[in-house]
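Just so you know, ligand 1 is whichever comes first in the structure, and atom 1 is the first atom listed for that ligand.
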Amino acid sequence: MTEQKTTVLIPGRMHPRALERLNAAFDVVQTTAGAELDLPAETLEKIRGVATLNGMRAEWIDKLPNLDIISNFGVGYDGVDAKHAATKGVIVTNTPDVLNDEVADTTIGLLINTVRRLPVAETYLRAGRWEKEGPFALTPLSLKNRHVGLLGLGRIGLEIAKRLEPFKVKISYHTRTERKDVPYTYAASLMELATSVDTLISIIPATPETHKIINADVLAALGANGVFINVGRGTSVDEEALIDALKNKVIAAAGLDVFYDEPRVPSGLFDLDNACLLPHVASASVPTRNDMADLVVDNLVGWFRERKVLTPVPETPVKG
Ligand code: DGY
């Protein structure tokens, strides 16, 4: 008799390595990307685990009476209703730490590209303009002597701060609670941080508290020499206010890897030559995404084999 495998649901797309490992270990039910969770009752009843790219709403959790665990691909799990999962005794896991270095490296790259306009300079060269028109224009901005403020100083924020140290910039930060274990200057509020620095890097998650907190007032406080970098979540920014601030030179430049309604990027940003735009790639290298994929699968395998998970989120209890 063949052993009955545990059923795991993948609502929509999944990283290929995770998919391959999940198919080997479980009976996988995968729905089409963007589709509703419209499966026969007997299939819904069989599902014990979920592997998701940040998409598991409360109604979907309610449809799965025997669900134990939701394993999210990504450190950010704002698309998974973890509070609701907690009320049902369902564990949620995410993929912290394995992406810290990649995201921090990309942040430094984005900061330098934004300040020194390197992607624009490369486009100039590739268009043959260097030879025809002469040297690329000097950049008005430089990283030298900047004062960088980190909004968020968790595991990724700390890696960004460490990488900034050799650049000899001043470093401040704002978090809800002051950290006693870092040499950086604490600002008690976002406004205090924006007022005191000229470069603001946001690395905060999407929560109701962070929704559109980077608004016109914060950008005005950052000032005309100000550079805003976002590698956290786009929902923490009032994008209309940001476009206005960039257009009217309220701040000097912005580098954005995340947007309010991805993958839709406001057309107003495309027209601005003081915005450096990336399609949410901070952790998107093959090695890092493979590590994230493995962690997604290891959390599920760990739970169903040994009742152990590696990286539960704080909202959810770990049974057993
Ligand atoms: C995450 O892990 O949340 C990053 O934004 C990459 O998707």
Side-chain angles (χ1 to χ4, degrees), residues 10-19 22 33-34 50-57 69-83 85 91-111 150-160 163 175 201-211 213-214 228-237 239 254-265 276-300 309-316:
I10 303 175
R13 291 184 307 114
M14 183 43 65
H15 184 280
R17 176 175 176 128
L19 195 56
L22 289 168
V50 167
T52 177
L53 294 181
N54 201 15
M56 197 64 196
R57 315 197 291 265
I69 176 167
I70 301 166
S71 182
N72 185 55
F73 188 109
V75 67
Y77 53 97
D78 42 280
V80 175
D81 197 329
K83 280 196 183 130
I91 300 162
V92 177
T93 61
N94 65 343
T95 58
D97 295 322
V98 292
L99 79 181
N100 294 353
D101 288 328
E102 201 73 69
V103 175
D105 293 347
T106 311
T107 306
I108 301 299
L110 178 58
L111 173 63
L150 288 159
L151 177 59
L153 196 64
R155 290 175 277 211
I156 297 175
L158 212 47
E159 288 300 332
I160 297 172
R163 281 160 177 73
T175 48
I201 299 181
S202 177
I203 186 64
I204 48 176
T207 64
E209 296 75 39
T210 62
H211 189 252
I213 56 168
I214 296 150
F228 172 60
I229 302 293
N230 195 2
V231 286
R233 282 290 185 263
T235 50
S236 49
V237 178
E239 275 181 347
L256 310 172
D257 183 47
V258 288
F259 300 88
Y260 192 88
D261 183 24
E262 294 172 11
R264 281 161 289 276
V265 176
C276 184
L277 310 174
L278 297 179
H280 201 149
V281 293
S283 68
S285 72
V286 169
T288 295
R289 287 287 168 90
N290 280 347
D291 290 344
M292 293 164 72
D294 281 341
L295 193 45
V296 167
V297 181
D298 291 344
N299 272 311
L300 288 166
V309 291
L310 297 164
T311 50
V313 304
E315 290 90 331
T316 61

(Q) If we ignore hydrogens and angles and just use 3.5 Å, is the side chain of N230 paired with the main-chain N or O of R233 as donor and acceptor? (A) yes
**Q.** Rounded distance [0.5 Å steps], CD1 in I204 versus CD in E209
**A.** 10.5 Å
Q. G76 heavy atoms, cut-off 4.0 Å: which ligand 1 atoms fall inside?
A. 1 (C), 2 (O), 3 (O)
Q | Neighbour count >12 (heavy atoms, 6.0 Å) for atom CZ, R163 | A | yes
Q.
Looking at non-hydrogen atoms alone, which of G74, S283, P96 comes nearest to atom 6 (C) of ligand 1?
A. S283
Q: Please confirm whether the backbone N or O of N94 pairs with a side-chain atom of T311, one donor and one acceptor, at under 3.5 Å?
A: yes
(Q) Checking side-chain contact (heavy atoms from CB on, under 4.5 Å) between L110 and each of L277, D105, I229, which is the one that passes? (A) I229
Q: Provide the number and element of each atom of ligand 1 under 4.0 Å from a heavy atom of L99.
A: 2 (O)
**Q.** ligand 1 atoms in contact with M292 (distance to a heavy atom under 4.0 Å)
**A.** 2 (O)
Q) Taking both backbone and side-chain atoms of R233, is any N or O found less than 3.5 Å from an N or O belonging to ligand 1? A) yes
Q | Closest protein heavy atom to atom 1 (C) of ligand 1, given as residue, atom name and distance to 0.1 Å | A | V75 N, 3.5 Å
**Q.** Enumerated ligand 1 atoms positioned under 4.0 Å from heavy atoms of H280
**A.** 4 (C), 5 (O), 6 (C), 7 (O)
Q.
Taking the side chain as everything from C-beta on, heavy atoms only, tell me whether N290 gets closer than 4.5 Å to H15.
A. yes
